[in-house]
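Below is one structure, written out as structure tokens, with a few remarks after it.
One-based numbering, in listed order, for ligands and for the atoms of each.
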Amino acid sequence: MTAAHAVASAGATSIYAVIGNPIQQSKSPLIHGMFAQATGQNMQYTTIEGPLGGFAGAVDAFRALGGLGLNITAPFKLDAFAYATERSERAQLAGAANAMKFDGARVLAENFDGVGLVRDVTHNLGCSLKGKRILLLGAGGAARGALLPFLEQAPAELVIANRSVDKALELAKIGAAKGNVRGCAYTELVGQTFDVVFNATSASLRAELPPVPASVFANCGLAYELAYGKGLTPFLRLAQNAGVKQLADGVGMLAEQAAEAFVWWRGVRPDTRTVINKLTVPLV
Ligand code: ATR
């Protein structure tokens, strides 16, 4: 019998947590607490402030206490990927993990950020990505996580623009086997239009605007900011001024990636609407 089965069959409270540093800002305990209550799951979800450079030891200790799964946030997504014994394809493509599941000696790593984003866009916002021209700004961790889930939606084209062009080209190369994707510099966007534009840069965290020309929004139906809780960021303001009708931030992505982890751990899909309503910061 595996450790996971032992805990479950005893009818004990199942233990999960989010690990990061810092960790106080995490909304995951609130989200998973709401999911657990709504679905009647007997589980406890706590926070772990992992010591910098001490990720493996903190996870070992959590597992020794019977912990069944973890969410992973900055700066440990690469450590989690390295710690795992099995990695999903999307975790491999992202090169990072945001969720882990423990089953005896097995450590499974997943990355639900991108699928959560796609589910928010297609399911909650009602915007299909199939056959669309998608612009993705940024080529860091957040963009990387979205790469495979975007291409799985079969867009007409995915264009990745980044300040450091080499990172955009590298990401495009990684995705090339999965769909029509190319990398470029921001300057090359002049004269091009897109159906959907995603800001996956970290610029909004400092109230900065990535150097995207407003003309990309000419035929754009949805502008999506992956950061959440920042209100109308410079990126969203630019899109709004350019006439984009639908604006969204990453609150739905946050809720949906959590829901994906919850299904993976518990086998039950929670409704995300209540969580999204609770965490939404108006885009003004
Ligand atoms: P994350 O995990 O949030 O993606 P990251 O991996 O550090 O963070 O990546 C940050 C991304 O935001 C990068 O694509 C970065 O561009 P560079 O690779 O050229 O540095 C992008 N970025 C950050 N600030 C930016 C700004 N002011 N304008 C444009 N891009 C910015």
For the residue pair [X] and [Y], what are the closest heavy atoms and their distance?
| X | Y | value |
| --- | --- | --- |
| Gly250 | Tyr224 | CA-OH, 3.7 Å |
| Trp264 | Leu108 | CH2-O, 3.4 Å |
| Leu236 | Gly231 | CD1-O, 3.9 Å |
| Thr272 | Phe35 | CG2-CZ, 4.0 Å |
| Asp120 | Asp249 | OD2-O, 4.4 Å |

Can you figure out which of [options] has its heavy atom closest to [atom]?
| atom | options | value |
| --- | --- | --- |
| atom 13 (C) of ligand 1 | Val165, Asn162, Thr201 | Asn162 |
| atom 23 (C) of ligand 1 | Ala74, Pro211, Ser202 | Ser202 |
| atom 1 (P) of ligand 1 | Ala96, Ser164, Ala142 | Ala142 |

Could you say whether the N/O atoms of Ala139 and ligand 1 ever approach to under 3.5 Å?
yes

Can you find a side-chain donor-acceptor pair between Asn199 and Thr201 that sits under 3.5 Å?
yes

Should Lys77 be listed as contacting ligand 1, given a heavy-atom distance under 4.0 Å as the test?
no

For [atom], which protein heavy atom lies nearest, and how many Å away is it?
| atom | answer |
| --- | --- |
| atom 18 (O) of ligand 1 | Lys167 NZ, 2.6 Å |
| atom 27 (N) of ligand 1 | Glu208 OE1, 2.7 Å |
| atom 8 (O) of ligand 1 | Gly141 N, 4.4 Å |
| atom 9 (O) of ligand 1 | Gly140 CA, 3.4 Å |
| atom 24 (N) of ligand 1 | Arg206 NH2, 2.8 Å |
| atom 31 (C) of ligand 1 | Arg163 CZ, 3.6 Å |

Atom indices of ligand 1, in the order listed, that fall short of 4.0 Å to a heavy atom of Pro210
28 (N), 29 (C)

Ligand 1 atoms in contact with Gly138 (distance to a heavy atom under 4.0 Å):
14 (O)

Look only at the side chain of Arg133 and the backbone of Thr193, and say whether a donor-acceptor pair between them is shorter than 3.5 Å.
yes

Is it true that a side-chain atom of Asn21 and a backbone atom of Pro51 form a donor plus acceptor pair closer than 3.5 Å?
no

Do the two ring centres, one from Tyr45 and one from Tyr16, sit under 6.0 Å apart?
no

